[in-house]
Each structure stands twice: as C-alpha cells, then as structure tokens.
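One structure is given below, encoded as structure tokens.
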Amino acid sequence: MNKTIALIGCGNLGLSIVEGLLDAPGISPQIIATRRNLKAIAHLADRGVTVTSDNKLAARQADLIILAVKPYNVDKVLAEIAEAIDHEHDILVSAATGVTIEAMRKLTGPTLSIFRAMPNTATHVNESITCLCHDNANEEEVALVTQLFDSIGSTLMIDEHLMEAATILGACGIAYALRFIRAMIQGGIQIGFSAESATRIASQTVKGAAELLVQRNEHPEQEIDKVTTPKGCTIVGLNEMEHAGFSSSLIKGIVASYNKIAD
C-alpha cells in the first residue's frame, strides 16, 4: 500500500491505529497524524510520521482520511477540511461513535466515498476487530480500506444500523475483557501466585481460549465441556460464578452500555 493516510485526531484510538500501521507487515503507507497537543505525538516523527496540528493540510495531502475525533467534533472538523478533500479520489473513514454516514454527507456532499469503522485499541498490537460499513464506495476502495484494517487485526463488514452495537461489543469489549482478566489475576494472587505469575497465566489463558474459538470456529460450550469433568473443580467454580450472576451481569452490562449509546 503506497497511499498517504491522514489520521485526524490522534488521541488514544488514533494513536493505537497509527502505531499498529507502523508495525504492520506488508504495508508501508505515508502517515500524517494531527493533534492539537503535538507534544503527545511528537515521538511519531522519529518513525517517519508527519506530525502536524493543521487538519486541512493533512487532508489536502492524503488519499485516505481517518477521522478519530470525538463525535461532537466531527461536524467542526469536516467543515474545516471540506475544501481540502478531493471528492473524486479521496476516501473518508470515520471512527467516531454514533455519527451516521447521512449526517456526514450533509457536510461532504453526495459523491465522496465514506466509510464508518469501529476498531478497538488492540490495533496497537495488530489484534483489533474492526467493523466496517460504507456508502458510495467501489470495489477497489472497499478492498483498500479492508486491507488497511486487516493489517492491524481483522475486519467484518456489517450493516450501518449495527455500528453502535459493534462499538459496545468490539470497542467497549476490550474493557470488559480486561476487567475479567484483572479479576482472574486477583483470584490467582489469593490462591498463592505472585502478581507477575498470575498476570502471565491469566493473560495467556484468555488469549489461548480466544484462539480456540477463532481457529476451530466452535461454540464456546464445546470447549468448556472438554474441561468440566463430573464432580470436578471446574464445574464447581463455574456454577459458583453463575450463582453470583456472572453471565447475567456481563449481559446486563453490555445491554446497559448499548442503551446509553443508543439514546
């Protein structure tokens, strides 16, 4: 990939995307990163990234523009860079939660190829799941954007009405998973491990569990059954967790987060 990418709004998510792209094998895009506080991204210059606070300059030089700004700043930024966008050749990708393609069209016009993308901060280690949807994009543009986000994890094309749900399950889901791992670590410490050992065991165990599902494409219960022997310690622990509302509380949390974003 020899395109120039402008990452506008290089906060936590934007920085994760940039650093993931820099480490991704097989692609070498030219990257322009913008942020008002340049000190926070100054280190990227050492890796060949053009760092600037000028959003319009970044948009003018880019083939693909990724908006990673807060949702309430999307209109302001689009108005700022509107004149710098080449509607025939540029691609706009928004990673802003809750801002529809229709809403962006009011500021960009009818011809621009627009994508919505919902990655998560695991882009930093090239393990994100990025949900995508698009409007007015041709096959070449779809392939380009898919390749871009596949390089920092994997992608799933979905209908736009599911993008908010994707935010909860994929992006917020990082926090849910990490909280579960933290609880495993605390339990590990209580039964005798050092914090360092408990962290290593819990992290690799969760990583391994996820890989079982990814590689074997099986239902979680099939793998659970393999380690829950009659009268064994695993089933006793699982049942105790369920009695305390483990699955129910997780589902309720996901639904509560979705209701918050859908309001």
Side-chain angles (χ1 to χ4, degrees), residues 4-21 31-45 49-87 90-124 128 130-137 145 148-149 152 160-168 170-172 174-175 257-258 260-263:
T4 299
I5 299 170
L7 202 301
I8 296 179
C10 211
N12 289 334
L13 178 59
L15 185 58
S16 294
I17 294 173
V18 171
E19 293 184 334
L21 290 172
I31 301 175
I32 308 170
T34 79
R35 184 166 173 166
R36 282 178 295 181
N37 177 14
L38 290 181
K39 289 183 179 180
I41 59 172
H43 65 283
L44 295 175
V49 176
T50 300
V51 175
T52 179
S53 59
D54 191 333
N55 292 333
K56 187 180 293 187
L57 175 66
R60 183 175 292 114
Q61 295 180 351
D63 305 299
L64 192 152
I65 302 162
I66 300 176
L67 292 183
V69 298
K70 298 294 185 183
Y72 54 79
N73 282 328
V74 169
D75 283 3
K76 176 184 176 182
V77 172
L78 283 178
E80 179 184 357
I81 67 175
E83 295 180 358
I85 297 175
D86 182 341
H87 287 234
D90 287 350
I91 300 170
L92 177 68
V93 180
S94 171
T97 300
V99 182
T100 65
I101 291 174
E102 180 181 4
M104 288 184 281
R105 281 255 176 258
K106 294 177 181 178
L107 291 167
T108 63
T111 60
L112 184 65
S113 298
I114 300 180
F115 288 75
R116 288 182 66 186
M118 184 44 59
N120 59 42
T121 52
T123 54
H124 197 155
S128 175
T130 301
C131 291
L132 296 168
C133 66
H134 63 86
D135 181 64
N136 201 43
V145 174
L148 174 71
F149 286 99
I152 50 178
E160 187 177 9
H161 76 273
L162 288 170
M163 286 302 293
E164 279 60 57
T167 301
I168 302 306
C172 299
I174 285 283
S257 291
Y258 179 75
K260 172 68 175 179
I261 201 175
D263 285 343

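- Looking only at side-chain heavy atoms (C-beta outward), Met118 and Thr130 stay at 4.5 Å or farther from each other.
- We find that Arg105 and Asp135 are joined by a salt bridge, their nearest charged nitrogen and carboxylate oxygen being less than 4.0 Å apart.
- Nearest heavy-atom pair across Ala165 and Tyr258 is N-CE1, 3.7 Å.
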For Lys76 and Lys70: C-alpha separation, side-chain torsions, deciding distance, then whether side-chain contact (heavy atoms from CB on, under 4.5 Å) applies. CA-CA 11 Å; Lys76 176 184 176 182; Lys70 298 294 185 183; over 6 Å; no
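- Smallest separation of non-hydrogen atoms from Leu44 and Val51: CB-CG2, 4.1 Å.
- Residues Leu21 and Leu148 come closest through the heavy atom pair CD2-CD1, 3.3 Å.
- Taking the side chain as every heavy atom from C-beta outward, Phe149 and Thr123 never approach each other to under 4.5 Å.
- Between the side chain of Ser128 and the backbone N or O of Asn120 there is at least one donor-acceptor pair closer than 3.5 Å.
- Atom-to-atom distance recorded for Ile17:CD1 and Leu7:CG is 5.5 Å, nearest 0.5 angstrom.
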Kindly list each side-chain donor-acceptor pair under 3.5 angstrom involving residues 34-41, sequence neighbours excluded, with atom names and distances?
{"unit_1": "Thr34", "atom_1": "OG1", "unit_2": "Gly9", "atom_2": "N", "d": "3.2"}
{"unit_1": "Thr34", "atom_1": "OG1", "unit_2": "Asn55", "atom_2": "OD1", "d": "2.8"}
{"unit_1": "Arg35", "atom_1": "NH1", "unit_2": "Cys10", "atom_2": "O", "d": "2.9"}
{"unit_1": "Asn37", "atom_1": "OD1", "unit_2": "Lys39", "atom_2": "N", "d": "3.3"}

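- Judged by distance alone, with hydrogens and angles left aside, the side-chain atoms of His87 form a donor-acceptor pair with the main-chain N or O of Thr108 at under 3.5 Å.
- Of all the heavy atoms in Ala95 and Pro119, the pair that sits closest is CB-CD, 4.3 Å.
- Ion pairing between Lys260 and Glu164 fails under the 4.0 Å rule for side-chain N and carboxylate O.
- Side chains of Val49 and Ile32 form no contact here, defined as non-hydrogen atoms less than 4.5 Å apart.
- Asp63 places a side-chain N or O within donor-acceptor distance of the main-chain N or O of Thr4, the cut-off being under 3.5 Å.
- Interatomic distance, CG of Leu67 versus CD1 of Ile8, reported as 5.5 Å (0.5 Å rounding).
- Shown here for Ala96 and Pro71, the closest heavy-atom pair between the two residues is CB-CA, 4.2 Å.
- Salt bridge present: Arg116 and Glu160 bring a charged side-chain N and a carboxylate O closer than 4.0 Å.
- Note that CD1 of Ile114 is 11.5 Å distant from CG of Asp90, once rounded to the nearest 0.5 Å.
- Inter-residue side-chain proximity for Leu78 and Leu92 is flagged as met; some heavy-atom pair is nearer than 4.5 Å.
- For the pair Ile66/Ile5, a side-chain contact is recorded, criterion being any heavy-atom separation below 4.5 Å from C-beta on.
- The distance from the CD1 atom of Ile168 to the CG atom of Leu162 is 12.5 Å, given to the nearest 0.5 Å.
- Between the CD1 atom of Ile101 and the CE atom of Met163 there is a distance of 8.0 Å, given to the nearest 0.5 Å.
- Counting only distance, with no hydrogens or angles, the side chain of Asn136 and the backbone of Thr111 share a donor-acceptor pair below 3.5 Å.
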CA sep, side-chain torsions, deciding dist, call: Ile65, Val93, side-chain contact (heavy atoms from CB on, under 4.5 Å): CA-CA 6 Å; Ile65 302 162; Val93 180; over 6 Å; no
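- With sequence neighbours left out, Ser16 forms a side chain to side chain donor-acceptor pair (under 3.5 Å) with no residue at all.
- The two atoms that bring Leu13 and Thr121 nearest to each other are CD1-N, 4.4 Å, heavy atoms only.
- You'll find the side chain of Lys56 stays beyond 4.5 Å of the side chain of Gln61, heavy atoms only.
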